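One structure is given here, and the rest of the page talks about it.
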Amino acid sequence: MSKTAFGIDIGGSGIKGAPVDLRTGELAADRLRIPTPQPSVPDAVADTVAQLISSFDIDEDMPVGVTFPAIIQHGVAKSAANVDDSWIGTDVDALLTERTGHDVFVVNDADAAGIAEVAFGAGRDVPGVVILTTLGTGVGSALFIDGELVPNTELGHVLLHDMDAEKYMAESIRDREGLDWETWAGRLQEYYAHIEFLFSPDLFIVGGGISKQHKKFLPLLDLKTPIVPAKTRNEAGIIGAAALARAEAKKSAKARKKKAAKKL
Ligand code: BGC
């Protein structure tokens with residue numbers, strides 16, 4: 001099986017994709033970004049994903065991984081905190097597989113970023129409990145135990161001051177309320193101290209676009225757990241989705257072989 005898979009990151013404003021070399025975790029070609037259609041309903045987004053893939057000259061059998069900013073259970077979207085409600089109940093996996101002609105695997109966006117960080121970034125070879133959070137429009141989370149993902153943890157929705165935590169401390173809230181770094185870091189402190197109390201992690205990794213500016217807020221936090229910025233940054237979703245797609249495609253190929261061997 002080839003060492004390359006295609007990764008696509010579906011976000012609120014852009015859909016980005018590129019082939020990824022999974023020996024190094026680097027993009028194998030420049031990524032392409034197409035604005036997310038508005039309203040971002042399933043049909044329109046599926047067309048954009050198909051358009052994005054067809055802009056690259058890739059083999060038909062190349063597995064494609066796609067991130068989505070919602071709970072994804074067995075390919076089906078189960079929530080819609082920051083996307084159109086019409087996604088709830090949509091089999092995103094089946095829709096995109098049918099529309100693109102590729103074997104598509106869908107994964108929560110923060111889980112994908114976590115997969116990238118554990119494979120190629122700050123979480124590589126870190127034993128124990130690792131929690132990655134993404135600070136963006138919402139707050140996503142990925143929980144790992146000895147490198148194994150526990151999917152769909154949704155730790156952005158724990159309660160802080162009787163509200164959804166992400167409505168209090170997401171990057172979008174810092175931006176909307178014009179919070180200075182100290183004030184925002186104060187909110188992050190409350191959030192991470194709460195998560196630390198609940199999970200006793202060995203490492204926190206902070207992703208999302210704002211992690212580029214980690215020097216402005218991470219040193220202001222006072223936690224028992226080490227907290228570090230993600231290394232894969234902007235490409236984390238693409239890389240993680242591609243890594244997942246390859247691993248899943250390998251698993252299905254193995255299962256098919258086993259079935260065929262049983263028939264003989
Ligand atoms: C969603 C998560 C998502 C996160 C980051 C949250 O509002 O519930 O599924 O991972 O935003 O996009």
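For clarity, every value in this text was computed on a predicted model and none was experimentally measured.
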Test item: [X] and [Y] side chains (from C-beta on) under 4.5 Å apart, heavy atoms:
| X | Y | result |
| --- | --- | --- |
| Ile15 | Pro37 | yes |
| Asp111 | Asn152 | yes |
| Lys3 | Arg246 | yes |
| Ser13 | Arg33 | yes |
| Val92 | Leu95 | no |
| Lys212 | Asn234 | yes |
| Val107 | Phe105 | no |
| Ile210 | Lys216 | no |

Return yes if some donor-acceptor pair links the side-chain N/O of [X] with the main-chain N/O of [Y] below 3.5 Å, else return no.
| X | Y | result |
| --- | --- | --- |
| Glu26 | Asp21 | no |
| Asp164 | Lys167 | no |
| Ser86 | Val41 | no |
| Asp202 | Val129 | yes |
| Trp184 | Met169 | yes |
| Asp91 | Val76 | no |
| His214 | Val228 | no |
| Thr36 | Gly11 | yes |

Heavy-atom closest contact ([X] atom, [Y] atom, distance):
| X | Y | result |
| --- | --- | --- |
| Asn108 | Ala70 | ND2-O, 3.0 Å |
| Gly65 | Ala245 | N-CB, 3.4 Å |
| Gly114 | Leu132 | N-CD2, 3.8 Å |
| Ala18 | Ala29 | CB-O, 3.8 Å |
| Ala113 | Thr134 | CB-CG2, 4.1 Å |
| His102 | Asp59 | CE1-O, 3.1 Å |

Return the [atom1] to [atom2] distance between [X] and [Y], rounded to the nearest 0.5 Å.
| X | Y | atom1 | atom2 | value |
| --- | --- | --- | --- | --- |
| Thr133 | Leu143 | OG1 | CG | 12.0 Å |
| Phe120 | Leu22 | CZ | CG | 5.0 Å |
| Tyr191 | Leu160 | OH | CG | 8.0 Å |
| Arg174 | Thr183 | CZ | OG1 | 11.0 Å |
| Ile195 | Ser200 | CD1 | OG | 11.5 Å |
| Thr225 | Phe197 | OG1 | CZ | 13.0 Å |

Neighbour count >12 (heavy atoms, 6.0 Å) for atom CG, Asp180: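 Result for CG/Asp180: enclosed.
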
Determine whether more than 12 heavy atoms belonging to other residues, nucleotides or ligands lie under 6.0 Å from atom CD of Glu60.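 No, the 6.0 Å shell around CD holds no more than 12 heavy atoms from other groups.
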
Transitive ILVMFWY side-chain link [X] to [Y], under 4.5 Å:
| X | Y | result |
| --- | --- | --- |
| Met62 | Ile239 | no |
| Leu218 | Trp181 | yes |
| Leu27 | Ile8 | no |
| Ile227 | Phe199 | yes |
| Val20 | Ile53 | no |

Go through the steps to decide whether Lys259 and Arg256 satisfy the test side chain to side chain contact (heavy atoms under 4.5 Å, CB included), and finish with yes or no. CA-CA 5 Å; Lys259 216 170 161 192; Arg256 273 199 302 272; 5.7 Å; no

Between Tyr192 and Phe204, how do the two ring planes meet: parallel, tilted or perpendicular, split at 30° and 60°?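 Tyr192 and Phe204: perpendicular rings.
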
Full working for side chain to side chain contact (heavy atoms under 4.5 Å, CB included) between Glu117 and Phe144: CA-CA 11 Å; Glu117 281 298 303; Phe144 292 83; over 6 Å; no

Just by distance, with hydrogens left out, do Asp9 and Thr67 show a side-chain donor and acceptor under 3.5 Å apart?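 Looking only at side-chain atoms, Thr67 and Asp9 do form a donor-acceptor pair, the distance falling under 3.5 Å.
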
Taking NZ, NE, NH1 and NH2 as the nitrogens, is one of them in Arg187 or Glu177 under 4.0 Å from a carboxylate oxygen of the other?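 Judged by the 4.0 Å cut-off on N to carboxylate O distance, Arg187 and Glu177 do form a salt bridge.
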
Quick check on the 6.0 Å ring-centre criterion: do His161 and Tyr168 meet it?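 Distance test on ring centres: under 6.0 Å, yes.
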
Take Arg99 and Asp43 through the test side chain to side chain contact (heavy atoms under 4.5 Å, CB included) and record every step on the way to the result. CA-CA 9 Å; Arg99 205 60 69 84; Asp43 233 23; 2.7 Å; yes

When you look at Gln51 and Asp47, which way does the side chain to side chain contact (heavy atoms under 4.5 Å, CB included) test go after all the steps? CA-CA 6 Å; Gln51 182 197 340; Asp47 282 344; over 6 Å; no

